[in-house]
Structures are given as structure tokens and as C-alpha cells.
Amino acid sequence: MVKEAKSAFWDMGSLLLFQAAALPLGIVYTSTIARNLGPQQYGSLGIFLSVMQFIFCICVNWSGTAVLKFGKDELFKKNNMSDIFWGRSLLIAVLLSASFLALFFIRPFLQSYLQINTSTYWLIPPLTLVYSLSDYGAWLLKTANAMKPYAFSLFLRQAVLLSLVSVLFLFISRITLNLVIMIELFSYVCVGLFVFAFIRKNVFLPFTLDKEKIKEMVFYSWPLIFSLLSGYIMDWIDLIIIRHYFAFAEVGIYQAAYRIFFLLSNSLSAITTVFFPVLVATLLQGKNKLIKDFYIGRLIPQVTLLWGALVSLLLVFSRPIFNVIFSQDYTGAIFPFKIICLGLAAQVISYLCSAVLYTFTSLKKVALFNIIAVLIKVTLDLILIPAIGINGAALSTSVTILFSAATYMILTQKYYVVTDYRSFCLLFFPAVVFIFSVLFDRLFVQVLFFILAVSVFIFISKRIRIFSGSDIPLLDKIFMPVLLRRAISHIYSVMS
């Protein structure tokens, strides 16, 4: 078991590495596209992608976990999962065909809503198809425990996107919306070819169809539609409601702010991926008390403090960051981004607590609170966006993240009978920096204040013993690589 956990840790480490490498590439690509399209067309791209994601969500994504569940079982029993592969393939083919047919009948309405021409509209089906195929390949890699190729595929897509844009600029001076969509399409083709190259023949050969397996997959997976729709609403409802009340330019400006948040949040999600196998290994070694005393009691407040300092740095430098990445056309995205940063500071708590909740399978309660969070998000959007525009969308995002962080922490502490809300108190740090960055716009003054704030909070953290030298010996009891343990020990020495 410990050997499996060790393998899982290194697999997840490669995932973290490639996610980190993909982040700057994603930012550069986003910058290039946003600058060239301008707020109006960049907003159109966001709404276009929201339609594609909706089709993907209801036709494809909901059955993905069935591949992981039933495929692993079939590979273990028969060293073959072709009935799972072809069963899900048939299911996807039927649903995608129905959705593409629906696109044909609703074209006048949807095309008018999207404000795109007919050639752009009919790029929705091929983009959805290649995106679905690349996603399918990713699920198959995870089922076969081929985590390193899967991790590299995340980096590969960003590398392909940036490479294509760079090559195009050698021949043309400005790119169009259709060209951007074609670039996105080609990137998914490349990822799809890459992931399927690592899939063994026993996954899809011989051709078999088992009606009972298809029924099992459907009955197992259909409840996930609601969870995935909740995720879809969380990510895309802002753009849809902004589009209803405002012009596409406002959609584009908000999308610029949200896109940077999304890239950072996506990288932050690796916390769950990395800590989950660590907690499982710790649990398998019978060190349950260590999770309570060290991970929940010590590590969560410590990581929250460090992440809060990083978010505070983003708040201080948000104006130059946006000017460099997006240009003056997107200046209106700066204040919404600062508001979203308040939620970003709290999101680390959700991810850290998720690792605990997933370890002990408290998933039904998590799903319930996720649905409540979606209802809060939609309600706040409908109230705030008409009143204060894209700032309202940013505020609803932050409030919803804060709610999720609070509920995840409550569930975690309730399971372990712990009462410790220092992590939430530490969110006061980025909140103070946010207020100061809004009141004083001069960068020099903000930098001085940030340095002062960091000094004060390091002093406070030492006084209330967020970090302690006594924690260092506990690291020896937790399963992790030696280099990682040394790096963390050094941080403890500095902060204690």
C-alpha cells in the first residue's frame, strides 16, 4: 500500500510540475488573444466557448467517471475494457448527434444571441467533438494509471496554442475570431493524438458492446450531471448574465479578469491532487491523529497565510500586470480582478479541506453544499450584475468561494471534532491589502504598504505560533519525498 502511495505521489508531482509549467504559457496565450481580438471579440469568444462547454457537459463529461470506475475493474479482472470503451463511445455518439441536430433547429435564435456569422456558428460541432475526444483519451490514461502522459498533455495543449499563434504572426498582422477557434480546435486534435498514442490496444479491442454495462454506466453516472451542471454554472453564468444586460465588450473585460483567476485557481487545485495521496498513505500507516493535529491544526493555517501573501502581491501589482498582459483596453478588468482575489485567497482553504473530505468520502454533504453555493451564486449574479455591472459578478464569485471555504472547513473540523478558525482570521491579511490598494492607486505607496503588511503579519504569525520549530520533527512522520521535506523544513525555520 505504501509503495502504491509512493507511486501516486510521484505521479501527482509530475501533474503539479506540468500544471506549473503550463501556467505562464496560458497567461501569454491569453494575453496575445485578448490584445488582438479586443474586448468585443474576446467577449464573443467567451460566450461561444460557453455554448461548447454546455454541450460537452450534458453529452460527454457526466459519464467520464464511469470509465474510471468500471474500466479499472475490467482491466483488473480481464486485462481488457473494450466493452466499457465502446459502450461509452456509443452513448457519447448518440448524445452528441442529438445535440448537433438541436443546433441546426435553434440556429436562428442562438446565432442571433451569439452575434456571430454562420461560418463561426458551425465551428461549434467540430470543436465540441475534438474536445470530447481529447477528454476521453485523458480519462482512459487515468484509468490505465498513465498519469505522466496525462500530466504532460495539460502542458502540451498550452504549448501548441502558443506555438500556433506565434507562427501565425509571422504571416499575418491580426487574428480573427474564426482563426482563434480553429487554433483551439487544432490544439485539441494534437492533444487527442498524443493521449491516444499511449493507450494500449486492450482498451478498445476487440469490438464489443454490452447493453448491461451501458445501463450500469448510465445509472452510475447520471446523478453527476447535476454536479457538473453546478460546476458549469459556477464558471460560466457570469458571462451569460453580463451578456444579457450589457454589450459584448463588458463580457470581454470581465472574462479577462476571470481568466487570470481561472488559471491561478486551476494551478491551486493541484493542492488537492498532491495532498490526497499523502493523506491516504498517512491513514494507511495508522497515523490518523497526525492528520488532525498537524494537517488540520497546523498545515492548513500555514498554507493559508503563505497563499494570502501571494494573493496580496497580486493585488498590489494588479494594474501593471493587467497593462502588460492585456493592454489599456482592459483597464476596466482591474477592479473586478481585485474583488475576485478576495475569493482566490480563501479558495486555498477549500482545496486543502477537499483532500481530507475526499480521503474520508464525505461526498454527499460536499455535493449538497456545492448545490447551495450555486444557488447563492446565481441569486447574487441576478441581483448584483444589473446593479453594479461586472463588479457585481466579481463580488458574487468571491462571496460564493468564501461560502464554500467556510462549509468545507466546518465539515472537516466536524469530522475530526476540531474548533480552529485561524485560517479564516488570516484572510484579514489580503482583505486589508485589498482596501489599501483601492484607496491608494500609486504603485510606490502600495509596495511600501505591502512590505509593512508582510512584516506585521509575520510578526503576528510568530506571536500566535502559526509556524513552530516543533512542527519540523512531525514532517518525518509524514510520507513525502526527502527534497520536499527539506524545502518545507527551511520555510518553517524562517517563519518560526
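Using a distance-only test at 3.5 Å, with no hydrogens or angles considered, a donor-acceptor pair links the side chain of Q111 to the main chain of I116. Side-chain N or O atoms of S82 include one that pairs as donor or acceptor with a backbone N or O of P206 at under 3.5 Å. R243 places no side-chain N or O within donor-acceptor distance of the main-chain N or O of G43, the cut-off being under 3.5 Å. Of the possible donor and acceptor atoms, none in the side chain of D135 sits under 3.5 Å from a partner among the backbone N and O of Y131. Listed for the W139 side chain is no donor-acceptor partner under 3.5 Å among the backbone atoms of N61. Side-chain atoms of W62 come within 3.5 Å of backbone atoms of I58 as a donor-acceptor pair (strictly under, hydrogens ignored). Counting only distance, with no hydrogens or angles, the side chain of N178 and the backbone of S119 share no donor-acceptor pair below 3.5 Å. With hydrogens and angles ignored, the 3.5 Å screen pairs a side-chain donor or acceptor of T412 with a backbone N or O of Y408. Panel note: side chain S134, backbone G192; no donor-acceptor pair is recorded below 3.5 Å.
In this structure, the separation between CG on L49 and CD1 on I181 is 7.0 Å, given to the nearest 0.5 Å. The distance from the CG atom of L239 to the CZ atom of F48 is 14.5 Å, given to the nearest 0.5 Å. For the atom pair I124 CD1 and M52 CE, the distance stands at 9.5 Å (nearest 0.5 Å). With values rounded to the nearest 0.5 angstrom, Q41 atom CD is found 12.0 Å from I33 atom CD1. L162 contributes atom CG, which lies 11.5 Å from atom OG of S187 (distance to the nearest 0.5 angstrom). Distance CD1/I237 to CG/D381: 6.5 Å, rounded to 0.5 Å.
Paired with F337 under the rule ring-ring contact (aromatic ring centres under 6.0 Å, His included), one option of F322, Y254, F326, F317 passes, and it is F322.
The shortest non-hydrogen separation linking L133 to F196 is O-CE1, 3.3 Å. The minimum heavy-atom distance linking Y330 with G252 is given by the pair CE2-O, 3.8 Å. Of all the heavy atoms in L179 and I172, the pair that sits closest is CD2-CD1, 3.4 Å. Between L156 and C190, the closest heavy-atom pair is CD2-O, 4.2 Å. C353 and I300 make their closest contact through SG-CD1, 4.2 Å (heavy atoms, listed as atom of the first residue, atom of the second, distance). Shown here for Y113 and I47, the closest heavy-atom pair between the two residues is CE2-CG2, 3.8 Å.
With a 4.5 Å cut-off on side-chain heavy atoms, Y42 and V251 do not count as touching. Residues S396 and D238 are in side-chain contact: their nearest non-hydrogen atoms beyond the backbone lie under 4.5 Å apart. The closest side-chain heavy-atom distance from S99 to I55 is below 4.5 Å. Side-chain contact between I325 and T30: absent, with no pair of heavy atoms (C-beta onward) separated by less than 4.5 Å. Annotation: side chain of Y188 is not in contact with side chain of V160 (no heavy-atom distance under 4.5 Å). Residues C57 and L229 have side chains in contact (heavy-atom distance under 4.5 Å, counting atoms from C-beta outward). In this structure the side chain of I349 reaches within 4.5 angstrom of the side chain of L427, judged on heavy atoms. Contact check for M217 versus L91: no side-chain heavy atoms found under the 4.5 Å cut-off.
Heavy-atom neighbours of F186 CZ from other residues, nucleotides or ligands within 6.0 Å: at or below the threshold of 12. F207 CZ: more than 12 foreign heavy atoms inside a 6.0 Å radius. Shown here is F403, whose CZ atom has more than 12 heavy atoms of other residues, nucleotides or ligands within 6.0 Å. Residue-environment remark: CE (M182) stays at or below the threshold of 12 foreign heavy atoms within 6.0 Å.
For F100, the ring pair (Phe, Tyr, Trp, His ring centres under 6.0 Å) criterion is met by no residue, not counting sequence neighbours. M234 meets the side-chain contact (heavy atoms from CB on, under 4.5 Å) test with V374, K377, T400; sequence neighbours excluded.
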- Apply the test side-chain contact (heavy atoms from CB on, under 4.5 Å) to residues F155 and L25: give CA-CA distance (whole Å), side-chain angles for both, the deciding distance (0.1 Å), then the verdict. CA-CA 8 Å; F155 169 79; L25 298 184; 3.3 Å; yes
- Query: Would C59 and I92 count as a side-chain contact (heavy atoms from CB on, under 4.5 Å) if you check the C-alpha gap in whole Å, the side-chain angles of each, and the deciding distance to 0.1 Å?
  - Reply: CA-CA 6 Å; C59 296; I92 291 173; over 6 Å; no
- Message: Assess the residue pair F198 and L140 against the criterion (side-chain contact (heavy atoms from CB on, under 4.5 Å)); give the C-alpha distance rounded to whole Å, side-chain angles, the decisive distance to 0.1 Å, and a yes or no.
- Response: CA-CA 9 Å; F198 284 88; L140 293 173; over 6 Å; no
- Please assess E184 against R157 for the test salt bridge (charged side-chain N to carboxylate O under 4.0 Å, His left out), listing each intermediate value before the final yes or no. CA-CA 9 Å; E184 295 274 342; R157 179 170 178 265; 2.3 Å; yes
- What's the verdict on side-chain contact (heavy atoms from CB on, under 4.5 Å) for K148 and F18, showing C-alpha distance, side-chain angles and the deciding distance? CA-CA 9 Å; K148 290 182 178 67; F18 284 120; 5.8 Å; no
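Residues Y136 and F85 bring their aromatic ring centres within 6.0 Å.
Judged purely by distance below 3.5 Å, without hydrogens or angles, the side chains of Y121 and R107 never pair a donor atom with an acceptor atom. In the model, T208 has no side-chain atom that pairs as donor or acceptor with a side-chain atom of D83 under 3.5 Å.
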Can I get a per-line list of side-chain donor-acceptor pairs under 3.5 Å for residues 255-264, giving both atom names and the distance, sequence neighbours left out?
from, atom 1, to, atom 2, distance (Å)
Y258, OH, D235, OD1, 3.2

